[in-house]
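Working notes, beginning with the structure itself.
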Amino acid sequence: MSLWVYSFGDGKAEGRADMRDLLGGKGANLAEMCNLGLPVPPGFTISTAVCRYFYENERRYPDGLIDEVALALTLVGEATGRNFGDENNPLLVSVRSGARASMPGMMDTVLNLGLNDRTVKALERSADRRFAYDSYRRFIQMYSNVVLGIEHRSFEERLEDFKDERGLASDNDLGGDDWAELTHDYHVIVERELGRAFPQDPNEQLWGAIGAVFASWMSPRAITYRSLNSIPESWGTAVNVQAMVFGNMGDTSATGVAFTRNPSTGENALYGEFLINAQGEDVVAGIRTPQHLTEAARIAAGAEAPSLEAAMPKVFARFKKVCTMLERHYRDMQDIEFTIENGKLWMLQTRNGKRTVPAALKIATDLADEGLLTRDEAILRIKPLSLDQLLHPTIASSAARDVIATGLPASPGAASGEIVFTPEDAATLKGQGHKVILVRTETSPEDIHGMHAAEGILTARGGMTSHAAVVARGMGKPCVSGAGSLRIDVQAEMMVAGGRTFGKGEVITIDGSTGQVLAGAVAMQQPELSGDFTKLMEWADKTRRMRVRANAETPADARAARSFGAEGIGLCRTEHMFFDADRIVAVREMILADTLDGRRAALAKLLPMQRADFAELFEIMAGLPVTIRLLDPPLHEFLPKSEEEIAEVAKAMNVEPQRLRERTLALHEFNPMLGHRGVRLAISYPEIAEMQARAIFEAALDAALKTNAPVIPEIMVPLVMVKGELDRVKALIDRTADAIALERGTRPAYTVGTMIELPRAALRARELAATAEFFSFGTNDLTQTTFGLSRDDAAAFLGDYIREGIIEVDPFVSIDREGVGELIRRAAERGRHARPGIKLGICGEHGGDPASIAFCERVGLDYVSCSPFRVPIARLAAAQAAINQRASTEQPET
Ligand code: ADP
Ligand code: MG
Ligand code: MG
């Protein structure tokens, strides 16, 4: 039994799908496919443990590895009836990297390894000269690039010249003698670049390639990718060595890629591309136009070249069966690589396919409807934050389209931006606040940071499975790929499209749903949420325990919140209502008034406006709970700041500018966070709170008459630090309600509660709960007061601290760990102790953050409240939290 190497082939394997930590995703799934009895070329996986050992021991291999590899290679030889390095019957292998998580394009695979000037002759004898030297030249180029560090360009230029000299248009026009001649030229190139010959010893080749895979784990490309995707360095990569099968053996051979369902739409239809007489990455490299797998897809695309279904019906039927089997086995849509060698199907890779968010929703709900998943499993399949992408705009149907090119609809959504031709320009301009579209001939992993910075990606070459398409779909960015008519000149920073020239900085729009490229910016529209979305959200709503409310103060926000499924308003910040141009004057009069009567006069002007605000919100919410927070910010925030503004306001209000200045100075707070604000405003100026309470009550009674759905407003007193404050304000609110009862003959129903924003309030929750009928955790200020830093500063510092190793976990993100979360937990416990059944909720940014929502579920809060656009995310996250919580009830939290 070997320690470092796991063999597979011939219907059995030492590995399994659940061993991906040790074997990497590719290795684990190759083993699994073998165990399923699928046709997989035999091979072996050198485990990720070797990679860890390698980097912990000054880049040395563990003892015994060399023998284990030699033994495993012998087994592959036995299974194939060939021998590595044999001059008559050589075994050729591929050397493929493969980490635990898929890291697209980290290291290019080396194919046809084991070829040299002698074994190539055996290949020629067993098949033909064209195939033999086509394979050899590919090997020299790939190996020289990946292992010896010679640029592809050196070889590609020679190939282009060769074709030009002979008037040959495509690679397929080259015959055996041509490739043999080129192979010779390639050898010369290697000698010239390297000062020594291309390695002829297959063992040297093999260990060179294995070493290159391990070295690639520390390449700058890999390091960037890991940091962007939070992949720990300690995972390491595995190396897969596998017997070659040949898709380039002639017209009964082919290579292809497939998704078992459409990765753009989720439609349950086999989707993919293939090329006859081709090898490896030919399909995705965009050298030739790939053909469709199915007749249906070919017809839909209006393509002429035959589909696999038509060209090789028997292999196709077999392949389709394999796809169905893999999908049922993995219970998910699969992304598959295959090769056909002389009419025989070989499986080279399978993994859960990347997909767009709409596709993810469709696939998850379809799989549940097909009985492959439970509804809970379907709910857990969707990343809550990914729903954000559904809110991507598309081009308005009424907009005029000035189409300058058409490519493939590679990743849905539309985006406008300034043209940039390099990833560096994309990042720089984005940093300066510009929106950019990255325009490339094709993309590669080096472009990732530019793709991140861009609003969308446009390429001239490459299919639906090209690097640009796959990465853009993963990022949720619009992408148009393979717009073949584009002429891009990176040097001159120009592109020609539709006979017109566009320079860097000119605005274009891409439509990733149709493949169109348009000149200029175009009107966009918000998408309609699909039936699959609605279905999954219904399932989520049924399964979750916590309610989801929205933070909203304007009618537009409240309507948006309801359309996204909010079940009430968790935070209505009344100060926002004071900033309106027609009200700020009355607010300022109120602030400047020296006497109570003066203030009351100004407040009387505000009352009808506030009442109208609340009435509209209550009507929209039609009986759903609404939490209204009394005025919170320090008053100086309402006064003008610049001298110009002061002069203008003074004139309008008919007061001396000096008076305004003095008042602003008197109200100014050095620490606006912790001063004369929140409940303390209501203590100093009870008439403000009284006016607000009256507006709330009158509006509630009016709205109830109108909608026939009585609203029970929840009046929230902000920033309470001692119980006496809350008692005083509650008494004022109660008195106001009594007054209304006398005037109207009906006493409004309402509750009074407080926002827990100060550590002291959290710790004294038992006391506060004697008065408060509900708590809402204001986690923005609670974070700020707990850390002594603003929310953004805390996030920034803690991020740095983690990178520098000063702390391990981010107590800000995982709010359950310490600090803020601990305060919430204690306050919830103490509040419940004093008032069983006290209503508990959270508002602030954390209310829309899936990790924090999971924490709220564990603490048993009644609801979360977040911004309207986050409501779907919170609904799904709350459902996942409930499912996970139910699953972990055997192991309750400590
Ligand atoms: P990546 O992770 O970049 O997809 P792979 O190793 O999966 O790298 O693939 C590179 C290409 O080479 C793919 O098209 C794959 O199907 C092909 N390939 C890999 N191993 C073999 C093999 N043993 N025989 C034939 N083709 C192979
Ligand atoms: Mg692959
Ligand atoms: Mg606050």
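First listed ligand is number 1; within each ligand, the first listed atom is number 1. We count residues from 1, following the sequence as given. Quick note: numbers below take in every heavy atom, side chains included, and nothing from hydrogens, waters or symmetry partners.
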Compute whether any side-chain donor of one residue and acceptor of the other, for [X] and [Y], lie under 3.5 angstrom apart.
X: Asp335; Y: Gln349; answer: no
X: Asn277; Y: Arg130; answer: yes
X: Thr48; Y: Asp21; answer: no
X: Tyr330; Y: Asn29; answer: yes

Compute the shortest N/O to N/O distance between [X] and ligand 1 and return yes if it is under 3.5 Å, no if not.
X: Arg96; value: yes
X: Thr109; value: yes
X: Leu111; value: no
X: Met107; value: no
X: Ser97; value: no
X: Ala243; value: yes

Between [X] and [Y], is the ring centre distance below 6.0 Å?
X: Phe274; Y: Phe319; value: no
X: Phe8; Y: Phe44; value: no
X: Tyr53; Y: Tyr61; value: no
X: Tyr225; Y: His449; value: no

Report task. Please could you name the atoms of ligand 1 that Gln349 approaches to less than 4.0 Å, counting only its heavy atoms? Result ->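 Those of ligand 1 that fall under 4.0 Å from Gln349 are 4 (O), 7 (O).
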**Report entry** Numbered atoms and elements of ligand 1 in range of Val245, under 4.0 angstrom, heavy atoms
**Finding:**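 Selected atoms, number and element: 24 (N), 25 (C).
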Query - Any donor-acceptor N/O pair, Arg331 side chain to His329 backbone, under 3.5 Å - result: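 Not confirmed, Arg331 side chain does not pair with His329 backbone.
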Query raised in the report: Can you list every pair that meets salt bridge (charged side-chain N to carboxylate O under 4.0 Å, His left out) and has a residue in residues 36-45, with sequence neighbours left out?
Result: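 Output for this query is empty, none listed.
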Query - Any pair counted as salt bridge (charged side-chain N to carboxylate O under 4.0 Å, His left out), so long as it reaches residues 252-263, sequence neighbours left out - result: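 Sorted pair list: Arg261-Glu327, Arg261-Glu370.
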Requested in this report: Would you tell me which option among Ser94, Gly25, Pro42, Pro41 has the nearest heavy-atom contact to atom 21 (C) of ligand 1?
Outcome: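 Shortest heavy-atom distance from atom 21 (C) of ligand 1: Ser94.
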Side-chain donor-acceptor pairs of residues 207-218 under 3.5 Å, sequence neighbours excluded:
from, atom 1, to, atom 2, distance (Å)
Ser216, OG, Val213, O, 2.6
Trp217, NE1, Glu233, O, 2.9

Query - Atoms of protein origin (N, O or S) under 2.8 Å from the Mg ion (ligand 2) - result: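 The answer is Glu337 OE1, Glu337 OE2, Gln349 OE1.
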Query raised in the report: Does Lys26 come within less than 4.0 angstrom of ligand 1, counting non-hydrogen atoms of the residue?
Result: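 Per 4.0 Å heavy-atom rule, Lys26 contacts ligand 1.
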Query raised in the report: Quick one: does ligand 1 sit under 4.0 Å from the side chain of Met244, the backbone, both or neither, non-hydrogen atoms only?
Result: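 Under 4.0 Å from ligand 1, Met244 contributes backbone and side-chain atoms.
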**Report entry** Part of Leu348 with heavy atoms under 4.0 Å of ligand 1, whether side chain, backbone, both or neither
**Finding:**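 The answer is the side chain.
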